[in-house]
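Protein chains get the first letters and strands the later ones, always in sequence-line order, with residue 1 at the start of each. Just so it is clear, the model here is predicted, and its values are computed rather than measured.
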Number of protein chains: 2
Amino acid sequence: MTRRHNRTRGDRGIPEATVARLPVYLRALHSLQERGVATVSSEELASAAGVNSAKLRKDLSHLGSYGTRGVGYEVEYLVYQISRELGLTQDWVVAIIGVGNLGRALAGYGGFASRGFRVAALLDADESLVGERISGLAVRHIDDLEQVIDEHGVSIAVIATPAAAAQGLCDRVVAAGVTSVLNFAPVVLSVPEGVDVRKVDLSIELQILAFHEQRKNGGPGEGQGTDGWEGNGHGERARGDEPPETTQYVEAVDA
Amino acid sequence: MTRRHNRTRGDRGIPEATVARLPVYLRALHSLQERGVATVSSEELASAAGVNSAKLRKDLSHLGSYGTRGVGYEVEYLVYQISRELGLTQDWVVAIIGVGNLGRALAGYGGFASRGFRVAALLDADESLVGERISGLAVRHIDDLEQVIDEHGVSIAVIATPAAAAQGLCDRVVAAGVTSVLNFAPVVLSVPEGVDVRKVDLSIELQILAFHEQRKNGGPGEGQGTDGWEGNGHGERARGDEPPETTQYVEAVDA
DNA sequence: GTGACTTTGTGCGTGTGTTCACAAAGGCTT
DNA sequence: AAGCCTTTGTGAACACACGCACAAAGTCAC
């Protein structure tokens, strides 16, 4: 209905799934480059990137025909082509909003600067943090958000605040003209059409691991007999049973 | 070929894509629960989780038939069922390896404790950090890794070290019996069959954003004329051109 | 108890992604 | 220059995921 994003298949023919893998290839290529390797076969590169070689070839074929049959791909050349396709040949100005533990970690993360991402500003709502220098950058107050975005020409905002503050700040950065947001807060951000949001959620990944871990051990429900939930109204349900009456099963902090 | 994981469709019928969304639903449900909501329709919950309502219903139907037609889903009951399916009704013991900026952020992250994940140990190779208390936990030396895993019955290892150290440490935790690894280091970890690895890469997400951002502005290549790479050997290529001679286009730090 | 209304659960068509397998293409050797 | 060998690029089959649209199932009002 209203506001479907529906941008599978990127923008111009490159499938979304491929785009998501290009950075992985790029990293593998950098690593090869450091070791002085000049040429790789799809088989080698695929293995370094942890994917199937046919998939790798098809992915690369979306960028153009950059390999040499019988030989492979020239590392340096491919690095450039992927970088260019991803937009890493130009600089992107990033602002990090929220300078808690995570914000600090991000500010100091080498992987940003090395890929054409320039962290130009750190912002926080806590007055006592304003002015503090972190990774060589003075923290600005969140009240200056719009001004800072404008000043530095920020094009990507990284939200590393508590969940409760995230949507409001997101609205503000979008209103200020930012069209790409990387969200670390555990909430679903809603944004207008044309704005991209990507989400990184630390605890979701753990939960997925827990699911598989549970399956490795024994089925769900963890064992003996019916597990809790003394059937207060729910007659016959499909699978599994239910927890003890009034308990709060998980504490629910994130909001 | 050898060692294909190929576990689409989880373990027992629940599609991987569904598993990945369950934590999102769970979060939305917790938020509703806090607001005292007792019942939700698929439409409401879907909107809170940022997905299509048909998809939500299909996802939930994989767990069993937990809704009431004409009414919706009972929040508390659904919270329990999803928690149980994900394995959050039992406690998972987590060790965080690497206590740099990121490791600290993770150690203090509320989203873990609140979901049945108990951070039982922090480890680092830096002698000067050993003994320091972070979020109420004393840092142990990485030499004690195996002992710590055994002591606490660690079942999930979080790797938050530099890339160079990651594979070696991964091998060690796997040898010590851990079968689930959450990797923040920018490398592809290789593990034996039966071990699950999930990867969180901060810079990959940014690169994907950059790709889309570039598309919004103007095509790739950033503009006027042919962009660099003075055709040193590459005659006629498919798309786009190439960068200036001997330059290192991106600095390549992560290894 | 009956009927109108709401909302679930799902069958089905469509599109996306993955993998196999092979022809086309290039290099290298003789 | 001819033929062999390697590796790419892709056609085609398959598997998975998504979302529409609707029948089945239940509630609520009267």
Do A:F184 and A:L106 pass the side chain to side chain contact (heavy atoms under 4.5 Å, CB included) test, and can you show the C-alpha distance, the side-chain angles, and the key distance before you say yes or no? CA-CA 11 Å; A:F184 285 88; A:L106 295 172; 3.7 Å; yes
Are the side chains of A:V40 and A:L29 in touch, meaning some heavy atoms are under 4.5 Å apart? yes
What is the distance, to the nearest angstrom, from the OH atom on B:Y66 to the C1' atom on C:dT7? 19 Å
Would you confirm whether A:Q214, through its side chain, and B:E85, through its main-chain N or O, come within 3.5 Å as a donor-acceptor pair? yes
Hey, is the side chain of B:Y73 poking within less than 4.0 Å of OP1 or OP2 on D:dG26, counting only N and O atoms? no
Below 4.0 Å: OP1/OP2 of C:dT18 and any side-chain N or O of A:R21: yes
Name the nucleic acid region contacted by A:A17, choosing base, sugar-phosphate or nothing; use a 4.0 angstrom heavy-atom cut-off, strictly under. sugar-phosphate
Where each residue is assigned the nucleotide of DNA chain C containing its nearest heavy atom, which of A:K55 and B:A54 is assigned the position nearer the 5′ end? B:A54
Which atom of B:C170 lies closest to which atom of B:V191, heavy atoms considered: SG-CG1, 3.5 Å
Would you say A:R115's side chain and B:S203's backbone share a donor-acceptor pair under 3.5 angstrom? no
To the nearest Å, give me how far apart CG (A:D59) and C1' (D:dT10) are. 13 Å
Between D:dA17 (P) and B:E16 (CD): distance, integer Å: 8 Å
List the steps and the verdict of side chain to side chain contact (heavy atoms under 4.5 Å, CB included) for A:F112 and A:V94. CA-CA 9 Å; A:F112 288 176; A:V94 175; 5.6 Å; no
Among B:Y25, B:Y80, B:Y77, find the residue that satisfies the ring-ring contact (aromatic ring centres under 6.0 Å, His included) test when tested with B:Y66. B:Y77
Provide, to the nearest angstrom, the distance between the CD atom belonging to B:E74 and the C1' atom belonging to C:dT7. 16 Å
If I take atom NE2 in residue B:H62 and atom P in nucleotide D:dC18, what distance separates them, rounded to the nearest angstrom? 11 Å
Determine, for nucleotides 25-30 of chain C in 5'-to-3' order, which nucleotides have protein heavy atoms under 4.0 Å from the base (write B), from only the sugar-phosphate (write S), or from neither (write -). BSS---
What is the separation between atom CD1 on B:I14 and atom P on D:dC16, rounded to the nearest whole Å? 15 Å
Side-chain atoms of A:N52 come closest, of C:dC20, D:dC18, D:dG9, to C:dC20
State whether the distance check finds a donor on one side and an acceptor on the other, under 3.5 Å, for side chain A:K58 versus base C:dT19. yes
Starting at CG of A:L56 and ending at P of C:dT19, how long is that distance when rounded to a whole Å? 12 Å
Take the protein atom CD of B:E44 and the nucleotide atom C1' of C:dT8, then report the distance between them rounded to whole Å. 14 Å
According to a strict under-4.0 Å criterion, is A:S41 in side-chain N/O contact with OP1 or OP2 of D:dT7? no
